[in-house]
J.: 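The structure follows.
Below, chains carry the letters A, B, ... as their sequence lines are ordered, and counting in each starts from 1. Atom set for the values below is all heavy atoms of this structure, side chains included, hydrogens, waters and symmetry mates excluded.
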2 protein chains.
Amino acid sequence: MSATRSCMVRQFQYYADLSEADIELLDSLEYSPEKLPPERVVWREGGSANELAVLSEGWACSYYTLEDGSRLILDIYLPGDVIGLREFATSEHLATVETITECTLCRFPHHHLTDIFAKSFRLTRVFFAVATTQQSILVERMINLGRRKASSRIAHFLCEMHARLGRMNEHMGNQFRLPLSQEMLADIMGLSSVHVSRTFSQLYDDHLVERSRHNIRIPDMDRLIEHAGFSNSYLGRQSIIRDRA
Amino acid sequence: MSATRSCMVRQFQYYADLSEADIELLDSLEYSPEKLPPERVVWREGGSANELAVLSEGWACSYYTLEDGSRLILDIYLPGDVIGLREFATSEHLATVETITECTLCRFPHHHLTDIFAKSFRLTRVFFAVATTQQSILVERMINLGRRKASSRIAHFLCEMHARLGRMNEHMGNQFRLPLSQEMLADIMGLSSVHVSRTFSQLYDDHLVERSRHNIRIPDMDRLIEHAGFSNSYLGRQSIIRDRA
DNA sequence: CGGCACCTTGAACTTTATCAACCCCGGTGG
DNA sequence: CCACCGGGGTTGATAAAGTTCAAGGTGCCG
């Protein structure tokens, strides 16, 4: 058992205990680490989709650009996340994937995933759990976009980030770094960057969020959760996958 | 090979050729058909999630109700759709599922799905494809909610329904039944029902959509697609899953 | 020290929501 | 067979939320 365990393994172990063989299988996906500078395109919308990637370090995102030039960011990827799962059923990339900070990522071809399906029943279920958790994250974001007002959208997004980051590093406390410009935040939340700025000021006035540059501090997590209508159950349940009987 | 083939099998065959054994395995999920009247709750948000369902006949939907009483409809389920895949990684239902029209549906426990993972490599991949296609549908709807104006949202939704219905029954032509009230349409698209009404009138004035009661006619599909910014590639690619080499 | 990217603020405007009245139509009971 | 009832759809007036444009500020990097 190696001392340095990949983020993906850590993330997957959240859903199930993994055997040594499973861990080796997973690790084998990260065989080709690639270092990328900030704002580098990983793959572009429309390109043919025969690979996935694991993000080992850094932040990345996927986005979709509309005819009129406006943009929506679909996912924020953190270390340990699998990128491109959604495009498994499609032969071309539906969205552009781009690094946000400096990143290390490992691409691997589509069929390595199906090889895993063939080799490990347990990992199959965990991959399924990961894919469906990604779906739940999208659903929460849909609710954000469809039915919440700006201040709740931002509050909800901050809660989500806090929860997802906290899952990877315990004792994170009530502050964290959020390396996103207000324009990116706007494109995540379907708002204009101007309105994001105003709304942040308003959250500050209400003592819900403090922020300096890219650091976020949350003075009272409970009040923020309340304001956001946040529930973390959608992020998946720990050790959900067990052997039956 | 039986003459009456279930909708789910038809839907799955879209992604891959299935062996007789696979078809039997799939059919075995639909062992407990249940007839439900319109507007009957299948399961409720918060209830413990240890089952999935296949919709054999009728229309159903899932929705999520916010603290303030507003609602967002997350999915519209058509015959052949699998309901509850998203909650595979979670131990409780995140959304309420309810019939829209009279429905026939077959519930089955969670572990029947994992049994299939153990028994059929090919079906595993198809289930994965189905789950990821559902994700892509959510993403398109996210873009709708986040970045399109009301008339494009409605146009896009109509395009999606047209495409999904057309996949199940060829020669559908340019009209179809849409058994949804304007209030439901509003909750799908994150608008108020009043605004849906106004927007429909506007689409009618622009000769993009005709509608009487629950029947929709689309005089010029290409113009509607154009107006919606619709691309059907997100609905998954036919026969994407093949044996390698 | 200067420049540039990003953030902030203000003012005018657009889109959508809300409220309320009305209408249309289908179903029911007299 | 007709009058009434009720739910959903439509319309208008007004309000709220968010966008756009433009100008100015702030802080970081060379």
J.: Got a sec? Which of residues 144-156 of chain A come in under 4.0 Å of DNA chain D, heavy atoms?
T.: A:Lys149, A:Ala150
J.: Please tabulate the protein-to-nucleotide N/O contacts below 3.5 Å involving nucleotides 18-23 of chain C, giving atom names and distances.
T.:
| residue | atom | partner | partner atom | Å |
| --- | --- | --- | --- | --- |
| C:dT18 | O4 | B:Arg198 | NH2 | 3.1 |

J.: What is the distance, rounded to the nearest whole Å, between atom CD of A:Gln202 and atom P of C:dC7?
T.: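 It works out to 18 Å between those atoms.
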J.: Using a 4.5 Å cut-off on heavy atoms from C-beta on, say whether the side chain of B:Arg86 contacts that of B:Leu138.
T.: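 Answer yes - side chains close enough.
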J.: Got a second to check how far A:Phe157's CZ is from A:Leu178's CG, nearest 0.5 Å?
T.: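 Going from the CZ atom of A:Phe157 to the CG atom of A:Leu178 covers 5.5 Å.
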J.: Within the structure provided, determine whether B:Leu165 and B:Leu78 are in side-chain contact (heavy-atom separation under 4.5 Å).
T.: yes
J.: Starting at CG of B:Leu158, measure out to CZ of B:Arg217 and round the result to the nearest 0.5 Å.
T.: 13.5 Å
J.: Does one side chain, of B:Glu30 or B:Ser56, offer a donor that lies under 3.5 Å from an acceptor on the other?
T.: yes
J.: Taking the nucleotide of DNA chain D with the nearest heavy atom to each, does A:Val196 or B:Gln182 sit closer to the 5' end?
T.: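 On the 5' side of the pair lies B:Gln182.
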J.: May I ask you to say what B:Arg213 touches in the nucleic acid, namely base, sugar-phosphate or nothing, with a heavy-atom cut-off under 4.0 Å?
T.: nothing
J.: Within this structure, what is the CD-CG distance for the pair A:Gln135 and A:Leu85, rounded to the nearest 0.5 Å?
T.: 11.0 Å
J.: Which two nucleotides bound the region of DNA chain D that has atoms under 4.0 Å from heavy atoms of chain B, read 5' to 3'?
T.: D:dG9 to D:dA13
J.: Side chains of B:Arg141 and B:His156: closer than 4.5 Å at any heavy-atom pair?
T.: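 Result no, sub-4.5 Å side-chain heavy-atom pair not found.
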J.: Can you measure from CE (B:Met172) to CZ (B:Arg177) and round to the nearest 0.5 angstrom?
T.: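 Here the interatomic distance stands at 14.0 Å.
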J.: When you check the gap from the basic side-chain N to the acidic O, do A:Arg148 and A:Glu140 get nearer than 4.0 Å?
T.: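 Result for this pair is yes, salt bridge flagged.
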J.: State the CZ-NE2 distance between B:Arg153 and B:His195, to the nearest 0.5 angstrom.
T.: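 If we round to the nearest 0.5 Å, B:Arg153:CZ and B:His195:NE2 are 8.5 Å apart.
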